[in-house]
Amino acid sequence: MASSNAYAQRDPMLKKRDDFEDILEERRNSSDLRYALKCYTPALYKGVAPCKSSMLKSMVLQSDQLHYVIQQVSKETGRQTDNVQEEVSAILDEMAHSLQLSTVRFFAFTLSKIFKSLFKSIRVNEEGIQRLQQAIQDHPVVLLPSHRSYMDFLLMSYLLYTYDLTLPVIAAGMDFMGMKFVGEMFRMSGAFFIRRSFGGNKLYWAVFSEYVKTMLKNGFAPVEFFLEGTRSRTSKSLIPKLGLLNIVMDPFLKGEVFDVHVVPVSISYERILEETLYARELLGIPKPKESTSGLFKARKVLSEDYGSIHVYFGQPVSVRSLAEGRVNRCQFNLVPRHIPGRPDEDIHSFVNDSAYKLVRAQEDNMVLKPWVLLASLLLQKQAVGQEQGTALDELTAQAVWLRDLSRQYGAFLHWPDQMTPSEVVSSSLSLHRGLVRTCEGKVQLALEHEGGAVGPQSAAALEEKLLSQAVIVLSCASYRNQALHVFLRPALLASAIHAASSNQKQEVFNSFSFLRNMFSNEFILCPGATVQDFEEACYLLVKTGTLQVTQKEVLVNERGHRTLAFLVSMLDPFLQGYQVVCRFLCEEATETLTEKQFIPAIRKFIIKHLLAGRLRYAEVLSSDLQKNSLAAFLRLGAVEKIKGVDQETLKVNAAMVNSLEDTLGGKLPTQKAVVARL
Amino acid sequence: MASNSSGSGSQGRAPQRLRIIAGHLQRPVDVDATVSAAECKAQGGEADVASDGKSVPKRRQEIMKWNGWGYSDTKFLFNKKGQAEFTGKRYKLSGMIIPALKEWMEGTFGTNMQHKSLATPALTRTAVQPPTLNEAFVEELKSTGVPFSHDAEDRVFRAHGHCLHEIFALREGKVGRVPDLVVWPNCHNDVVKIVELACKHNVCLIPYGGGTSVSSALECPQEETRSIVSVDTSQMNRILWIDEKNLTAHMEAGIVGQDLERLLNESGYCTGHEPDSMEFSSLGGWVATRASGMKKNIYGNIEDLVIHVKMVTPQGVVEKSCQGPRMSTGPDIHHFIMGSEGTLGVVTEVTMKIRPMPEYQKYGSVVFPNFEQGVACLREVARQRCAPASIRLMDNEQFKFGHALKPQVSSMFTSFLEGLKKFYITKFKGFDPDCLCVATLLFEGNREKVLQHEKQVYDIAAKFGGLAAGEDNGQRGYMLTFVIAYLRDLGMDYYVIGESFETSVPWDSVYYIFRVLDICRNVKARIIRECKDKGVQFQPFSTCRVTQTYDAGACVYFYFAFNYRGLSDPVHMFEEVEHAAREEILANGGSLSHHHGVGKLRKAWMRETVSDVGMGMLKSVKDYVDPNNIFGNGNLL
């Protein structure tokens, strides 16, 4: 590659990352009560003591922004302004946090107990904490943790308390409010609540954005929210939601603050508390409504071992430097700042790009455990139908190979080097004994053996068995998914090479670009970065001796086939999954199919195919994949939403879906197919 | 409270103030033998009110610094005892010891009395390029009798304004492209002749008024190959008539501010136009840059004051046919002239509004617990449209700076009072000395109204936590305006470079937060960050003040200075920071300039400031008025 020099600088192997400290160690050696009652004096933003939360509310209520919207709403609806004002106060009361140190201390005590019983260790990069501390003093700070568990925001507050940092205020979903007592407890520990959907509600939006901005501008506390919007049930990062990011960037764009610093935080769980819960949810077994009694029932999870947690506080990102040369802030000069406006196209694309960058920053600092590699290997083996399982030695050898590969790709792998590989493997397997079974030195997923000797079973029983196997597969897949971002770009390239009809670089690129576009609802792929991603993938595969890339051609080295095969298999479930969705859309989609009916209908279709043996991957049953693929087809115009009399229906462009399916299956060259239209 | 101790004897304060500014300048002016101005003077007729006591001689270098600000006899220095001293006799501060300045400089900039960066003492004539003369032009010029010179000192003096890079280069003895010839027209007709000849012989003309430009407007364009002639208007400095019925006065455009006020005062009038540069800047310069005066709240800015303008352009003389106070006759042609920055012609004569001199003047000051409260108060004052003649708000850094410039107090009593005041404000009222800021006020009018007005303003201030802090603080604040310009030269002796720049910005209230405030904070922060990024070792001095209030916004002034020891190319770095600061101003809703003008320094932003079509409009005027670019100083467009 001509430009390989430029890449040397961003060689993932050279990424510098901080070391971790275990914070539970001290908890195990000293009094939790004393810890909960410790003197807590965080360093403040510009040394100014923050106002009370009641003061905050009145600042919001008196803001010009809100006054403007209140007047507007009253004019539009003919309601009295007092009446609208009351509604605003009610919204604010429902929303606002009421941070109290006593509640925080209570949580500090209880969580210490809980954490110690659940986790071996909670490891934090203290250099990151120091950077955060500095940032909090200099600029308004936004904390963006990854979201894999309910635990996340409690954990974040716990850590900030431990390190004597200003406690964050956290944007939480309204569903918590369902748990009466706990909801209030959360509120008092700094959570503020937002309704899940308030699309057209101008008033709500105004209160909400003003509330967040007021806290930010006054440096009241770091504002924390989840860029992914919700917990990822699959452990893949979700496509970022832009609403809150827009709000927190606004004060900078309008010059109300000099800068805002955004800190991506990566929280990696060795074992996720909600592991099987998520799998069930993805399979369509509805999630239990959050309730206090439910929480108590869930306490049996307390008796299990969930390994360790790694929390990595990333480099604070200055919004000012992100916007440098991207955004012309003068555009805000011609309208009074209190008049809310929809962001322009260029602001939208700036926020969108920033959001992707930040999610990738989260991904980059996710700590991977050896088990993640094992899960990837075991899933691949299960899919090709190795009934007997893999010998432990063989698995260990492959894991070591994969360890080295993933490190070359820049994975933040936490492989205990002081242990022998086989020790590492067996300890990982034992932590996840619910998912794997070791029998006579052979390892395989803990699925019940198929096709028993009992003879034909009823269809219902077969389906039930399939679903229970799928729970295990999806749980495993969620661990494999943790490593997906490491392999994603090389895997896209590998699949592109696999699908392309020749070695021509242009053709491989077309194929790569097609796949990348197809999967951009599934994985974190920055919009408009196709060429960079392609070059990055080429660079990595060339560096590891898998490929040779010349001016015109992409050639596979003799010793590269193994890597390539692994990478192709990594992506294969998704490729197959999308093809099945295509087939469903062509074969079964009726005129009256609505978006709501889509998931149950396709689930049935997939079960049928799985039972018939026409499909190997049980993980295609994941509603996440199904939703993402539908979103992709909608985006590409292969499916359209038609406004009907009382509901929206999905209209399928059969020809296009057909051609997408063929291209995904490698039957059609990308150029001739839909790529031109993409 | 000091404010109540009625301004005893303040009746005579207005003239006194002007005496402070200008009183010491009445020195005999050299009368050049070659001046053949007799016919011009006759033109003024009997109403030729006054022409004596000119402040500006043709050879300016005889009384003014050739490589720094102001009069040669006036400067800051550290005396043998290591104390700061202000020399000369012209200002109230002159001859005084300023004990706190040294410590302030060391603390703020990290300067060291041992590390000096002195200027080249005198101009090396060999460093100046020999003049490129257009012989035919010179020949014909001789026959008109208009005095001219191609002496190196004369030429260098007119090749620069007072931007940092200009003065820095002069201090190092570096001279770039300079005018090839300096001419001193004596009247409007002289200018007409000069412009005609310039057109005939294709010579480039650059009008020169007071030379106080801070926009690189006087720099000769590097690429200019024609002979460049600097048209120094300083000898066109007469008040031609005063019309007491209409309250107007007609002046030649070369008259400088202090002379104009002094001469009008003699007749009991004033224009009330007092830009900070009024000691040196000229009427023509004000018109050409859209200047603004400190007391604009009463008298208005230059565009409000001008009734009639005469400008000589390559196409002929442009002027209106009458002196009606307002006209609806299409776009106002005055607005092509005002702000044209010497690109269209030479402003030769101006009719301006005048007012009877105020009978009573009173200074005042208010201390606010913080800058935010101060801005909120100014906004309220503007909202109620009760701004005094001048109201300015200094931030905390500038307040401290002002303190560092306090002269040695002579009596124990004064220092005791000072201490008491300080104790009252910081301890009793709980103001944080690192946050508080000061507004300075100047009231004018009849005594009764002034006192009433004063009470109104102090009542508003009280609502925003402001405490009246006495007349002296206010007066010193305004006095410093004139003195502060001298301070840069002292800084430059000790590796400190600095500059001031300004903008105007809407109030834009957001609860307690104003765009005015945001811009102050953001620009200061940007300056500090840029300096840090560029490797400046000492934290820069970055401060601001709100100097004017309007219904819809305010004018904000920034000062920025830093210690450049250890930097290889300080001026370049400085310019980069200044550029970044301007970008920040624009991004925060500030304007490109409130009154300094665009010149060549801020030209790059003109298009985005006035839009493509706006640029086209301005260009088409230039193309019509001056198709051969005779007025080729390259400003603005």
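Computed from a predicted model, the values in this text were never measured in an experiment. Chain A is the first sequence line, chain B the second, and so forth, proteins listed ahead of strands; every chain is numbered from 1.
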Q: Kindly compute the distance separating CZ (B:R521) from CZ (A:F258), expressed to the nearest 0.5 Å.
A: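 Between atom CZ of B:R521 and atom CZ of A:F258 there are 9.5 Å.
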Q | Distance (rounded to the nearest 0.5 Å) between B:D518 CG and A:K217 NZ | A |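 So the CG of B:D518 and the NZ of A:K217 are separated by 8.0 Å.
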Where is the tightest heavy-atom contact between [X] and [Y], given as atom of each residue plus distance?
| X | Y | result |
| --- | --- | --- |
| B:L586 | A:C330 | O-SG, 3.4 Å |
| A:N333 | B:N588 | OD1-C, 3.8 Å |
| A:S318 | B:R529 | OG-NH1, 4.5 Å |
| A:V335 | B:R515 | O-NH2, 3.8 Å |

Got a sec: does the [atom1] of [X] have more than 12 other heavy atoms crowding it under 6.0 Å?
| X | atom1 | answer |
| --- | --- | --- |
| B:H335 | NE2 | yes |
| A:Q80 | CD | no |
| A:K75 | NZ | no |
| A:K202 | NZ | yes |

(Q) At a heavy-atom distance under 4.5 Å, which candidate from A:T214, A:V257, A:L334 has the highest pair count against chain B? (A)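 Result: the option with the highest number of such pairs is A:V257.
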Q: Below 4.5 Å from any heavy atom of chain B, which atoms of A:V60 appear? Answer side chain, backbone, both or neither.
A: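 A:V60 has no heavy atom closer than 4.5 Å to chain B.
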Q) Between B:E584 and A:R329, is the closest basic N to carboxylate O distance under 4.0 Å? A)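 Between B:E584 and A:R329 there is a salt bridge, with a charged N closer than 4.0 Å to a carboxylate O.
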